[in-house]
> 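I have a structure I would like to understand better, so I am pasting it below and will then ask my questions one at a time.
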Amino acid sequence: MATCYRHPERETGVSCSSCGRPICPDCMTPTSVGMRCPECSRERTKVKTAAHIARGSEPVATYAIIAINVLAYLGSGQGFGGGGGGGSAFRQGALYGPAIADQHEYWRLVTSGFLHFGFFHIALNMYFIYVLGRLLEPSLGRARFVAVYFASLLMGSFGALLLTPGALTAGASGAAFGLLGCAVVVARSRGIDLWSSGLGATLLINLAFGLTVRGISIGGHLGGLVGGLIAGWLVVEFGERRGQRLLPLAGCAVLGAVGIAGAIAVSGMSGLLPNGVGFF
């Protein structure tokens, strides 16, 4: 029979539910999760939620990204009542494989991530980025957050062209999915439960939405998600665990370069939707 760690002369069959040390009746403190020893009962149980990812600074880069998207939307000639994305600025900036392969219009890999098909499209994406940005940017730091965002955007362009290079595609969802993937990696590294925090459900719902709604560029979503997962791993592994400041940024830059190279390589291929539009 074990003896109480504070009273060795007393035998007991009860252990502290927190530290596991044997305790006698005089040392037991009843709690909602069992008996605790005097030391553990004085400590508050730390509950980790998604809010623990953040550190409490203003997400300036998030606001700037949203502002650029809104200005690009208005500048594309759609206004708040637009819905077709038919302006010349939109056609010259959206993702389109033949234009990249034949006319070498490589800027489309970036500009397509700031253009949208209609008010509902941009409103949904900006809300998504706002929520994830307020969660991630204070935690990662401004530079790393921006690096993750653009690496995910470029990987999203790669994914969209890989599946539908002949479709006119635009939207910030590739970058937004990347932020979600990065949030999942960061949350897991900090012991935050994905389901109680809502990150797991959000990921599954958005993936299901992309697979079931016609016209959505699933390649853009998956490409951005993969990019965000990799970028998140780079930030956690080299930035947080090894204390490196530049390696996560360099890794995201390499990841973005891979997205550019891959997008250019597949831009001339025939896609699943050779003539059409896709939004992400």
Side-chain angles (χ1 to χ4, degrees), residues 1-59 62 128-145 147-148 152 176-208 225-226 228-249 251-252:
M1 179 70 70
T3 58
C4 177
Y5 80 100
R6 299 179 74 218
H7 305 96
E9 73 281 0
R10 300 179 184 177
E11 295 182 345
T12 180
V14 179
S15 298
C16 174
S17 61
S18 179
C19 66
R21 292 179 291 191
I23 48 178
C24 67
D26 289 342
C27 298
M28 298 176 188
T29 300
T31 69
S32 59
V33 292
M35 295 294 181
R36 287 190 170 180
C37 66
E39 285 79 6
C40 293
S41 65
R42 288 193 290 267
E43 298 177 359
R44 286 189 172 185
T45 301
K46 296 181 179 180
V47 179
K48 292 185 177 181
T49 66
H52 285 77
I53 295 179
R55 294 175 187 160
S57 61
E58 279 298 311
T62 299
F128 202 25
I129 290 173
Y130 172 78
V131 173
L132 291 170
R134 287 181 60 86
L135 187 70
L136 270 180
E137 185 183 341
S139 173
L140 303 182
R142 198 164 299 157
R144 291 177 184 175
F145 175 79
V148 170
S152 302
F177 262 80
L179 295 181
L180 180 57
C182 181
V184 167
V185 174
V186 173
R188 282 184 56 85
S189 73
R190 299 183 184 180
I192 299 171
D193 184 78
L194 298 181
W195 299 107
S196 62
S197 67
L199 290 173
T202 301
L203 178 58
L204 290 181
I205 291 172
N206 280 278
L207 285 175
L225 176 62
V226 171
L229 291 171
I230 297 174
W233 177 82
L234 291 170
V235 169
V236 169
E237 182 64 27
F238 296 103
E240 297 187 354
R241 294 178 181 172
R242 304 189 186 185
Q244 299 291 327
R245 298 184 62 184
L246 296 180
L247 277 180
L249 299 178
C252 288

> If you measure from CZ on Arg36 to SG on Cys27, what distance do you get to the nearest 0.5 Å?
15.5 Å
> Are any non-hydrogen side-chain atoms of Leu199 and Ile192 less than 4.5 angstrom apart?
no
> As an exercise, state the distance from CG of Leu203 to CG of Leu194, rounded to the nearest 0.5 Å.
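Output value for this atom pair is 9.0 Å.
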> Over all heavy atoms of both residues, which pair between Cys252 and Leu234 is shortest? Give the atoms and the distance, please.
N-CD1, 3.9 Å
> Roughly how far apart are His7 NE2 and Cys24 SG, rounded to 0.5 Å?
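Between His7 NE2 and Cys24 SG, I get 5.0 Å after rounding to 0.5 Å.
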> How long is the span from the CG atom in Leu180 to the CZ atom in Phe128, to the nearest 0.5 Å?
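Interatomic distance, Leu180 CG to Phe128 CZ, rounded to 0.5 Å: 4.5 Å.
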> Taking the side chain as every heavy atom from C-beta outward, state whether Leu249 and Arg144 have any atom pair closer than 4.5 Å.
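Yes, at least one pair of side-chain atoms sits under 4.5 Å.
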> Suppose we screen for salt bridge (Lys or Arg N to Asp or Glu O under 4.0 Å). Which residues come up paired with Glu11, at least two apart in sequence or across chains?
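Result, salt bridge (Lys or Arg N to Asp or Glu O under 4.0 Å) vs Glu11: none returned.
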> Output the distance between atom CE (Met35) and atom OG (Ser15), rounded to the nearest 0.5 Å.
12.0 Å
> Kindly write out the residues that satisfy salt bridge (Lys or Arg N to Asp or Glu O under 4.0 Å) with Arg188, not counting sequence neighbours, or none if the list is empty.
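So Arg188 forms no salt bridge (Lys or Arg N to Asp or Glu O under 4.0 Å) with any residue.
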> Testing Val226, Leu229, Asn206 for side chain to side chain contact (heavy atoms under 4.5 Å, CB included) with Phe177, which one passes?
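In the set Val226, Leu229, Asn206, the residue that makes a side chain to side chain contact (heavy atoms under 4.5 Å, CB included) with Phe177 is Asn206.
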> List the atom of Ile23, the atom of Cys37, and the distance in Å for their closest heavy-atom pair.
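What the structure gives for the nearest pair is CG2-CB, 3.7 Å.
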> If I compare all heavy atoms of Leu225 with all of Gly181, which pair ends up nearest, and what's the gap?
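Here Leu225 and Gly181 meet closest at CD1-CA, 3.7 Å.
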> What I'd like to find out is whether the side chain of Leu135 reaches to under 4.5 Å of the side chain of Ser139, using heavy atoms alone.
no
> Please report the shortest heavy-atom distance between Tyr5 and Pro38, naming the atom on each side.
OH-CD, 3.6 Å
> Using side-chain contact (heavy atoms from CB on, under 4.5 Å), reason through Cys4 and Asp26 one step at a time and then give a plain yes or no.
CA-CA 10 Å; Cys4 177; Asp26 289 342; over 6 Å; no
> For residues Tyr130 and Thr62, report the shortest heavy-atom separation together with the two atoms involved.
CA-CG2, 4.1 Å
> Check Gly133 against Pro59 and note the closest heavy-atom contact, atom names and distance.
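The pair with the smallest heavy-atom distance is O-CB, 3.9 Å.
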> Working to the nearest 0.5 angstrom, can you tell me the gap between Ser189 OG and Glu237 CD?
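Here the interatomic distance stands at 10.0 Å.
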